[in-house]
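Just so you know, these numbers come straight off a predicted model, no measurement behind them.
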Amino acid sequence: MKIVLLPGDGVGPEVAGVARDVLMTVGEIYGHKFTFEDHLIGGAAIDATGEPLPDATTTACQSANAVFLGAVGGPKWDGQPKRPEQGLLGIRKALGLFANLRPTRVFSCLADSSPLKRDIVDGVDFVMFRELTGGVYFGEKKREGDRASDLCVYSAGEIERIARAAFIAAQARRRKVTSVDKANVMETSRLWRETVNAVAKDFPDVELEHQLVDSMSMNLIRHPRAYDVILTENMFGDILSDEASVLGGSIGLGSSASLGAGGLGLYEPVHGSAPDIAGQDKANPIGSVLSAAMMLRFSLGLGAEAEALDRAVEAALEGGARTADLGGTLGCRAMGDAILKELRRATP
Ligand code: NAD
């Protein structure tokens, strides 16, 4: 199984290094052969080749089983004609990624780090499926005099493929999908709701509920434990996933996956390149490790191994391992080592 690593900029190489170590250890323990190929993206690629996404990177990703990305960007490239973020947008497009998955899980031992009260967040465990290719971000944009417009477009096919992915994921979880739209006002949302209802007929074991995005933004902080799989379109998902990301207490814990057809996926922590702590071994690698677990689950078909990695992270946290963002003293490497120790300890 070929895994392409795109370490990128800032703390990207530090957290990607920990992701590589845990994947190699999973391979050793469970007898899988993973091969790793490193490629350039973002600012590091601009410095080396003049391009944020060199052709060699795109080609390598297209022939991989899965791609892991650290982070891109930083003040060094601000104001330059070529931007590191173009690398990220470019690779998402080249790989045809249409679903962005962002899990939110609040570990009980960290519930007091959340800005919300423990009794609201303890036990929260949901995953958001955000559509990535359609909606108002990609519709026709116009400016005529003092008027401007952004067209919001969706096809039933675009809605159906992400709805199916969300229902399949729900079957392996607590079997509930909450579809979020604005069907009382928007025609694209009415098509969204009709299409999701049609897909739901193929999944009679999964409960489906619909929520309007405005009430969802309140309910997500009022009773976040009520959700299992949240399914929504591009802009609503962009906003709601950032709202959800604060529930866990630190941005360093957030993981994500972007999936395309045929199982290929791009896995990355939610945080950016964190230039303020880059090169100091201070970054929390947990978002990256949990993203690696998603890679095992969604692209490599290794669900049991993914579970083991998730459990190792939880065990390390329960044992008191903490990086600075969680009020502790461990560095990025030492936190990775604490997770590896738990992974080995749990090996049958
Ligand atoms: P950021 O996520 O990099 O940092 C925000 C704050 O969170 C900083 O104080 C940082 O130290 C902290 N932080 C981030 N990751 C952490 C971790 N793993 N452990 C502990 N603390 C962590 O966001 P920003 O400062 O707005 O952006 C910095 C650069 O990253 C910018 O150039 C931005 O464009 C880029 N960026 C890239 C991505 C990506 O690669 N997907 C995402 C967001 C931002």
Original post:
Should Leu101 and Trp192 be counted in the same cluster of Ile, Leu, Val, Met, Phe, Trp and Tyr side chains packed under 4.5 Å apart?
Top reply: yes
Original post:
Do the side-chain N and O atoms of Thr195 and Tyr154 include a donor-acceptor pair separated by under 3.5 angstrom?
Top reply: no
**OP:** Would you sort out whether Asp242 and Arg102 count as a salt bridge (charged side-chain N to carboxylate O under 4.0 Å, His left out), showing the intermediate values?
**Re:** CA-CA 10 Å; Asp242 266 24; Arg102 285 240 212 141; 3.4 Å; yes
Original post:
Can you tell me how far the CG atom of Leu191 sits from the CD atom of Glu158, to the nearest 0.5 Å?
Top reply: 9.5 Å
Subject >> Remaining members of the apolar cluster that contains Leu89, side-chain heavy atoms under 4.5 Å >> reply: none
Subject >> With sequence neighbours excluded, residues passing side chain to side chain donor-acceptor pair (under 3.5 Å) with Gln280 >> reply: Lys282
Original post:
Is Leu343 reachable from Tyr267 through a run of hydrophobic residues whose side-chain heavy atoms are each under 4.5 Å from the next?
Top reply: yes
Subject >> Nearest-0.5 Å distance that lies between atom CZ in Arg118 and atom OG in Ser108 >> reply: 4.5 Å
**OP:** Determine, using the 4.5 Å side-chain heavy-atom cutoff (strictly less than), whether Leu317 and Val106 are members of one ILVMFWY cluster.
**Re:** no
Subject >> Hydrophobic cluster partners of Val11 (side-chain heavy atoms under 4.5 Å) >> reply: Ile277
**OP:** Given side chain to side chain donor-acceptor pair (under 3.5 Å), test Thr133 with Glu131 step by step and report yes or no.
**Re:** CA-CA 6 Å; Thr133 65; Glu131 206 288 327; 2.7 Å; yes
Original post:
What orientation do Tyr30 and His32 show, parallel under 30°, tilted 30 to 60°, or perpendicular over 60°?
Top reply: parallel
Original post:
How long is the gap from OG on Ser179 to CD1 on Ile159, to the nearest 0.5 Å?
Top reply: 9.0 Å
**OP:** Would you check if Tyr227 and Glu209 make a side-chain contact, meaning some heavy-atom pair closer than 4.5 Å?
**Re:** yes
Which donor-acceptor pairs under 3.5 Å do the side chains of residues 251-266 make with protein atoms, sequence neighbours left out?
unit_1: Ser256; atom_1: OG; unit_2: Glu268; atom_2: O; d: 2.9
unit_1: Ser258; atom_1: OG; unit_2: Asn100; atom_2: ND2; d: 3.0

Original post:
In Å, rounded to the nearest 0.5 Å, how long is the span from CD of Glu85 to CH2 of Trp77?
Top reply: 10.0 Å
Subject >> Partners meeting side chain to side chain donor-acceptor pair (under 3.5 Å) with Gln171 (sequence neighbours left out) >> reply: Asp205
**OP:** Using the test ring-ring contact (aromatic ring centres under 6.0 Å, His included), find all partners of Phe126 that sit at least two apart in sequence or belong to another chain.
**Re:** none
**OP:** Give a yes or no answer on whether the side chain of Ser241 reaches the backbone of Gly237 with a donor-acceptor pair at less than 3.5 Å.
**Re:** yes
**OP:** Could you list the residues that satisfy side chain to side chain donor-acceptor pair (under 3.5 Å) with Asp9, not counting sequence neighbours?
**Re:** none
Original post:
Counting distance only, does the side-chain N/O of Ser288 pair as donor-acceptor with the main-chain N or O of Pro269 below 3.5 Å?
Top reply: no
Subject >> Single-linkage hydrophobic cluster, 4.5 Å side-chain cutoff, Leu208 and Ile162 together >> reply: yes
**OP:** Looking only at non-hydrogen atoms, find the nearest pair between Cys152 and Met186 and report the distance.
**Re:** SG-CE, 4.0 Å
**OP:** Would you name the heavy atoms of Val229 and Ala169 that are closest together and state the gap between them?
**Re:** CG2-C, 4.5 Å
Original post:
Given Arg173 and Val206, is the side-chain contact (heavy atoms from CB on, under 4.5 Å) satisfied, shown in steps?
Top reply: CA-CA 10 Å; Arg173 296 175 50 97; Val206 177; over 6 Å; no
**OP:** Could you give me the CA-CA distance, side-chain angles and deciding distance for Leu330 and Asp337, then say whether side-chain contact (heavy atoms from CB on, under 4.5 Å) is met?
**Re:** CA-CA 10 Å; Leu330 292 188; Asp337 290 344; over 6 Å; no
Original post:
Going by atom types alone, do Thr323 and Asn284 pair a side-chain donor with an acceptor below 3.5 Å?
Top reply: yes
Original post:
With ILVMFWY side chains joined below 4.5 Å, transitively, what does Met218's cluster contain besides itself?
Top reply: none
Original post:
Does a salt bridge link Arg311 with Glu314, judged by any charged N lying under 4.0 Å from a carboxylate O?
Top reply: no
Without placing hydrogens or testing angles, list every side-chain donor-acceptor pair under 3.5 Å for residues 67-76, not counting sequence neighbours.
unit_1: Lys76; atom_1: NZ; unit_2: Asp47; atom_2: OD2; d: 2.6

**OP:** Start with the C-alpha gap between Asp310 and Arg105, add the side-chain angles, then the distance that decides, and say whether salt bridge (charged side-chain N to carboxylate O under 4.0 Å, His left out) holds.
**Re:** CA-CA 11 Å; Asp310 284 345; Arg105 187 167 164 216; 5.1 Å; no
Original post:
CG of Leu247 to CG of Leu220: how many Å apart, nearest 0.5 Å?
Top reply: 6.0 Å
**OP:** Verify the neighbour count for atom CZ of Arg175: are there more than 12 heavy atoms of other residues, nucleotides or ligands below 6.0 Å?
**Re:** no
Subject >> Residue pair Gly43 / Pro84: nearest heavy atoms and the distance that separates them >> reply: N-CB, 3.4 Å
Subject >> Backbone of Asn234 reached by a side-chain donor or acceptor of Arg130 within 3.5 Å >> reply: yes
Subject >> Check: Ile239 and Ser217 side chains under 4.5 Å, non-hydrogen atoms >> reply: no
Original post:
Which residues satisfy the ring-ring contact (aromatic ring centres under 6.0 Å, His included) test with Phe107, sequence neighbours excluded?
Top reply: none
Original post:
Quick one: does Asp181's side chain have a donor or acceptor within less than 3.5 Å of a partner on His210's backbone?
Top reply: no
Original post:
Can you name the side chain to side chain donor-acceptor pair (under 3.5 Å) partners of Lys176, sequence neighbours left out?
Top reply: none
Original post:
Do Leu296 and Val15 belong together in a cluster built from hydrophobic side chains that touch within less than 4.5 Å?
Top reply: no
Original post:
Checking Ser299 side chain against Met295 main chain: does a donor-acceptor pair fall under 3.5 Å?
Top reply: no
Original post:
To the nearest 0.5 Å, what is the distance between CG (Asn219) and CD (Gln211)?
Top reply: 5.0 Å
Original post:
Taking 4.0 angstrom as the limit, do Arg297 and Glu307 come out as a salt bridge?
Top reply: yes
Original post:
How far apart are the C-alpha atoms of Lys182 and Asp214, what are their side-chain angles, what is the distance that settles it, and do they pass the side-chain contact (heavy atoms from CB on, under 4.5 Å) test?
Top reply: CA-CA 8 Å; Lys182 187 73 182 163; Asp214 37 358; 2.8 Å; yes
Can you give each donor-acceptor pair under 3.5 Å made by side-chain atoms of residues 137-147, sequence neighbours left out, with the distance rounded to 0.1 Å?
unit_1: Tyr137; atom_1: OH; unit_2: Asp238; atom_2: OD2; d: 2.8
unit_1: Lys141; atom_1: NZ; unit_2: Val136; atom_2: O; d: 3.1
unit_1: Lys141; atom_1: NZ; unit_2: Tyr137; atom_2: O; d: 3.4
unit_1: Lys141; atom_1: NZ; unit_2: Asp150; atom_2: OD1; d: 3.2

Subject >> Non-hydrogen atoms of Ile221 and Ile120 that approach each other most closely >> reply: O-CG2, 3.7 Å
Original post:
If you look at every heavy atom in Val180 and Met216, which pair is closest and at what distance?
Top reply: CG2-CG, 3.8 Å
Original post:
Run the side-chain contact (heavy atoms from CB on, under 4.5 Å) check on Cys61 and His39 step by step: do they pass?
Top reply: CA-CA 9 Å; Cys61 292; His39 285 274; over 6 Å; no
**OP:** Taking atom CG of Asp78 as the centre, report whether more than 12 heavy atoms of other residues, nucleotides or ligands fall under 6.0 Å from it.
**Re:** yes
**OP:** Check the pair Arg190 / Glu194 against salt bridge (charged side-chain N to carboxylate O under 4.0 Å, His left out), numbers first and verdict last.
**Re:** CA-CA 6 Å; Arg190 288 191 271 271; Glu194 278 165 32; over 6 Å; no
